[in-house]
Undergrad: 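First the structure, which I've put down as structure tokens, then a few questions once you've had a look.
Below, read A as the first sequence line, B as the second, and so on, with proteins coming before strands; counting in each chain starts at 1.
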Amino acid sequence: SQQGEEDPQALSIQEGENATMNCSYKTSINNLQWYRQNSGRGLVHLILIRSNEREKHSGRLRVTLDTSKKSSSLLITASRAADTASYFCATDFYGTDKLIFGTGTRLQVFP
Amino acid sequence: DTAVSQTPKYLVTQMGNDKSIKCEQNLGHDTMYWYKQDSKKFLKIMFSYNNKELIINETVPNRFSPKSPDKAHLNLHINSLELGDSAVYFCASSPALQNTEAFFGQGTRLTVV
């Protein structure tokens with residue numbers, strides 16, 4: 001399966017702490033994206049990082065990409081209760097026209 | 001303004017029935033998708049259309065038939081519904097087939113009883 005694997009599957013932290021989620025994939029990619037899904041809602045795009053980029057920032061989000069290890073990480077700094085959601089990585093595989101989603105990490109931030 | 005809207009939000013129906021889910025995007029995007037999210041939150045692509053043409057059909061049973069009357073609409077018709085079809089179905093759109101973010105609708109929770 002081309003589906004990415006994310007770990008941890010679930011993560012619980014206190015407000016103010018940092019949260020790190022990891023994504024691993026199997027074949028060459030054009031880009032890797034991170035999405036957030038609040039309970040009962042659709043997915044919202046967070047960041048897209050291209051295969052020739054190594055790091056990208058957006059507000060409190062920092063994404064890294066290591067194509068040699070076929071892995072990416074999403075760091076949320078100074079987390080807030082409103083960050084509670086499921087986070088998915090999605091890969092745009094080279095030679096295909098489809099976005100394949102990972103298994104997701106459920107993040108719970110306690111106030 | 002809702003960018004990607006799908007209706008209905010909830011759908012409860014009996015086995016064997018035929019149902020449709022509608023999707024519209026007002027973003028001017030060329031590409032639209034249907035995804036299925038199961039009870040374990042796994043999100044799997046079903047179909048993608050680019051400029052009204054079918055690009056991807058991911059080994060979905062032929063009871064599922066997408067229809068794209070124009071670039072802004074991608075509807076999903078399901079015949080002879082089965083219990084295993086119960087899931088949340090998401091419509092999404094993107095400016096192009098590759099290297100762009102996808103915009104998702106709110107989802108349609110289908111329950112087959």
Undergrad: Considering residues, nucleotides and ligands other than B:Gln14, do more than 12 of their heavy atoms fall under 6.0 Å from its CD?
TA: no
Undergrad: With a 6.0 Å cut-off (strictly less than), is the heavy-atom count around CD of A:Glu53, excluding the residue itself, greater than 12?
TA: yes
Undergrad: Go through the steps for A:Leu48 and B:Thr100 under the test side-chain contact (heavy atoms from CB on, under 4.5 Å), then give the verdict.
TA: CA-CA 8 Å; A:Leu48 181 154; B:Thr100 60; 5.6 Å; no
Undergrad: Would the number of heavy atoms belonging to other residues, nucleotides or ligands and lying under 6.0 Å from CZ of A:Arg41 be above 12?
TA: no
Undergrad: Considering residues, nucleotides and ligands other than A:Gln14, do more than 12 of their heavy atoms fall under 6.0 Å from its CD?
TA: yes
Undergrad: Below 4.5 Å from any heavy atom of chain A, which atoms of B:Thr31 appear? Answer side chain, backbone, both or neither.
TA: neither
Undergrad: Tell me, side chain or backbone of B:Phe103 under 4.5 Å from chain A's heavy atoms, or both, or neither?
TA: neither
Undergrad: Check for me whether the distance between the ring centres of A:Phe101 and B:Tyr35 falls short of 6.0 Å.
TA: yes
Undergrad: Out of curiosity, B:Phe104 CZ to A:Tyr35 OH, how far, rounded to the nearest 0.5 Å?
TA: 5.5 Å
Undergrad: Look at the side-chain heavy atoms of Ile, Leu, Val, Met, Phe, Trp and Tyr, link any pair under 4.5 Å apart, and say whether A:Phe88 and B:Tyr89 land in one connected group.
TA: no
Undergrad: Measuring only between side-chain heavy atoms, which start at C-beta, is A:Arg106 closer than 4.5 Å to B:Lys41?
TA: no
Undergrad: Are A:Ile100 and A:Trp34 connected in the hydrophobic side-chain network, where two residues link if heavy atoms are under 4.5 Å apart?
TA: yes
Undergrad: Should B:Phe90 and A:Gln37 count as side-chain neighbours, where that means a heavy-atom distance under 4.5 Å?
TA: yes
Undergrad: Rounded at 0.5 Å granularity, tell me how far NZ in A:Lys98 sits from NZ in B:Lys44.
TA: 9.0 Å
Undergrad: Under 6.0 Å from the CZ atom of A:Arg60, do we count more than 12 heavy atoms belonging to anything else shown?
TA: yes
Undergrad: Side chain, backbone, both or neither: which part of A:Leu99 has an atom under 4.5 Å from a heavy atom of chain B?
TA: both
Undergrad: Check each atom of B:Gln6 against the heavy atoms of chain A and say whether the ones under 4.5 Å are side chain, backbone, both or neither.
TA: neither
Undergrad: Quick one: closest heavy-atom pair of A:Gln33 and B:Glu101, and the distance?
TA: OE1-CA, 3.4 Å
Undergrad: Same cluster or not: are A:Leu46 and A:Val63 linked, directly or through other Ile, Leu, Val, Met, Phe, Trp or Tyr residues, by side-chain heavy atoms under 4.5 angstrom apart?
TA: yes
